[in-house]
Amino acid sequence: MTDAFIYDAARTPRGKGRPDGSLHEVTSLALSARLLNAVKERNNLEGHAVEDVIWGNVTQVKEQGGCLARSAVLASDLDERIPGLSINRFCASGMEAVNLAANQIKGGAGSAYIAGGVEMMGRVAMGSDGAAIAVDPSLAMKSYFVPQGISADIIATEYGFDRDQADALALESQRRAAQAWQEGRFDKSIVPVIDQNGLTILDRDEYMRPGTTIDDLAKLKPAFKEMGEMMPGFDKVAMLKYPHLSAIDHIHHAGNSSGIVDGAAAVLIGNEEFGKAHGLKPRARIRATAKIGTDPTIMLTGPVPVTEKILKDSGMSIGDIDLFEVNEAFASVVLRFMQAFQVDPARVNVNGGAIAMGHPLGATGAIIIGTLLDELERQDKNVGLATLCIASGMGAATIIERV
């Protein structure tokens, strides 16, 4: 089987996903095209250089609808002979795009792909696609649907995490992210967003709050308590599914949950022949990929079983992994991962995560793969694992190995 290598990983800075955010006037199409152009320029790609652009995106309506991947190719400087494929695996869409591209290459379907994703959460509201899992009673009732924040609080309750632990993880995410930016650890990947006049709109993640203190976090109101305990009473739905729980402990709030932001990320993946033909040196091999379905109510536990699966399928153990990127959708997700595998917190999300910098849904999976690769190179480590929890109960993972 042909190996699939990562030749480049790029991302835009993440903008606050609201009207006062720097990227609010930038469309999903424009941001995607900007990143595709950057990958083309950084790697001197000409003509029909890649087989396809696979682009993850969660809320595929309005400006993010209509096969945004193909629209982005046409809006960019890429050759029009390159097609585009938009995919949706919720929060893992960007990772699934990378994994799909890698497995296409391994199977001989093309020599190279650009894969990644975008989400403009300040322009296309999360949930505006009217997903059946949430709004169709025939499915929502059958699956005991609750919002993700309630799911995160269920994890905390089930596995014994309190608010102090969640806030401590959030504070550390802010500290690590600030240090990473101060030390230029993201410089290799960041593609500044510029306007039509060549002026810089955004050149760093603007959601970060490096001055956050533990006292600041302690003052924040639990975000999901009212929807859990009052109408529509999602706690009662959860306890129908899990009758051993007498109550849900609502520990999550705006400070220990992922931020709503805008952003995009792309990974250039190809076989060995592609690299030789374009004078490019591979940075890492995509060693393994995996996905799995999980309980749709507690929903966000996917990183644990998908990591177990990818390690088993690869004949590896947790000790074979040097560094981990576990998407910080909510603090309890990362706490559960570290608890399950007894991994050293110093090897998990070394440069902070989505609590500090935000979670642009369709892009995050590609972002954390690029962040993981950069950090493996910085520390001169060899093997890394990236994983995400996924709405409606799924998990995805990727193992990369430097070459």
Side-chain angles (χ1 to χ4, degrees), residues 17-18 90-91 121 126-127 134 144-177 207-209 212-239 241-242 245-261 294-304 326-340 345 348-349 352-361 364 387-393 395:
R18 54 182 195 244
F90 293 126
C91 299
M121 300 180 74
M126 180 169 51
Y144 295 90
F145 169 81
V146 299
Q148 286 191 29
I150 301 291
S151 298
D153 287 336
I154 296 171
I155 293 174
T157 306
E158 180 73 15
Y159 294 101
F161 306 124
D162 60 28
R163 176 158 171 167
D164 288 345
Q165 291 172 290
D167 285 358
L169 186 145
L171 193 67
E172 181 65 5
S173 181
Q174 293 286 352
R175 187 195 69 78
R176 293 183 183 188
Y207 183 82
M208 295 186 299
R209 292 152 292 179
T212 300
T213 67
I214 202 72
D215 290 337
D216 294 331
L217 296 176
K219 296 173 185 176
L220 295 175
K221 180 182 178 181
F224 310 103
K225 184 178 177 67
E226 289 188 7
M227 71 169 64
E229 296 180 355
M230 301 172 67
M231 291 302 290
F234 285 110
D235 283 8
K236 294 296 185 182
V237 175
M239 287 185 282
K241 181 75 172 286
Y242 315 114
L245 298 179
S246 58
I248 307 298
D249 187 10
H250 293 286
I251 72 166
H252 289 92
H253 51 73
N256 59 27
S257 306
S258 56
I260 294 174
V261 296
T294 64
D295 181 335
T297 305
I298 199 169
M299 188 185 313
L300 307 175
T301 55
V304 173
V326 183
N327 185 40
E328 293 176 354
F330 298 90
S332 64
V333 174
V334 183
L335 290 169
R336 173 56 188 150
F337 182 89
M338 293 189 295
Q339 178 193 65
V348 180
N349 300 346
I355 289 174
M357 293 175 285
H359 174 21
L361 306 177
T364 300
T387 184
L388 303 92
C389 60
I390 307 173
S392 78

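Everything numeric here is computed off the predicted structure, so don't read it as measured data.
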- For side chain to side chain contact (heavy atoms under 4.5 Å, CB included), just list the numbers for Asn256 and Leu217, CA-CA rounded to whole Å, side-chain angles, deciding distance to a tenth of an Å, and then say yes or no. CA-CA 8 Å; Asn256 59 27; Leu217 296 176; 5.9 Å; no
Side-chain touch [X]/[Y], heavy atoms, less than 4.5 angstrom:
| X | Y | value |
| --- | --- | --- |
| Phe234 | Glu229 | no |
| Asp153 | Asp249 | no |
| Asn327 | Thr387 | no |
| Arg163 | His253 | yes |
| Ile355 | Ser257 | no |
| Ile155 | Ile298 | yes |
| Val261 | Met357 | no |
| Ile260 | Arg18 | no |

**Message:** Please confirm whether the ring centroid of Phe330 lies under 6.0 Å from the ring centroid of His252.
**Reply:**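 Yes, the ring centres sit under 6.0 Å apart.
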What pairs with Lys219 under salt bridge (Lys or Arg N to Asp or Glu O under 4.0 Å), at least two apart in sequence or on another chain?
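Lys219 satisfies salt bridge (Lys or Arg N to Asp or Glu O under 4.0 Å) with no residue once adjacent residues are dropped.
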Report task. Report, as yes or no, whether the 6.0 Å neighbourhood of atom CD on Glu226 holds more than 12 heavy atoms from other residues, nucleotides or ligands. Result ->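 Atom CD in Glu226 is not crowded, with 12 or fewer foreign heavy atoms closer than 6.0 Å.
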Neighbour count >12 (heavy atoms, 6.0 Å) for atom CE, Met126: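 Counting neighbours around CE of Met126, 12 or fewer heavy atoms of other residues, nucleotides or ligands fall under 6.0 Å, so no.
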* Asked: Counting only N and O atoms by type, is there a donor-acceptor contact under 3.5 Å from the side chain of Asn349 to the main-chain atoms of Gly352?
  ->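 Checking the backbone N and O of Gly352 against the side chain of Asn349, no donor-acceptor pair under 3.5 Å is found.
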Handout entry: Test item: Ser173 side-chain N/O and Gly353 main-chain N/O as donor-acceptor pair under 3.5 Å
Key =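 Such a contact is found between Ser173 side chain and Gly353 backbone.
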Taking every non-hydrogen atom, the tightest pair across [X] and [Y]:
| X | Y | result |
| --- | --- | --- |
| Glu328 | Ala356 | OE1-N, 4.2 Å |
| Phe90 | Ala391 | CD1-O, 3.3 Å |
| Ile154 | Ala238 | CD1-CB, 3.6 Å |
| Ser151 | Thr297 | OG-O, 2.6 Å |
| Met239 | Ile248 | CG-CD1, 4.5 Å |
| Ile150 | Asp235 | CD1-OD1, 4.0 Å |

In Å, rounded to the nearest 0.5 Å, how long is the span from [atom1] of [X] to [atom2] of [Y]?
| X | Y | atom1 | atom2 | result |
| --- | --- | --- | --- | --- |
| Asp167 | Ile251 | CG | CD1 | 8.0 Å |
| Leu335 | Tyr159 | CG | OH | 13.0 Å |
| Arg209 | Gln174 | CZ | CD | 5.0 Å |
| Asp164 | Leu169 | CG | CG | 12.5 Å |
| Met121 | Leu361 | CE | CG | 4.0 Å |
| Gln165 | Ser332 | CD | OG | 10.5 Å |

**Prompt:** With a 3.5 Å cut-off and no angle check, do the side chains of Asp295 and Tyr242 form a donor-acceptor pair?
**Reply:**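 Distance-only check passes for Asp295 and Tyr242.
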Quiz item: Among side-chain atoms of Thr364 and His359, is any donor-acceptor pair under 3.5 angstrom?
Solution: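 Side-chain D/A pair, Thr364 to His359: present.
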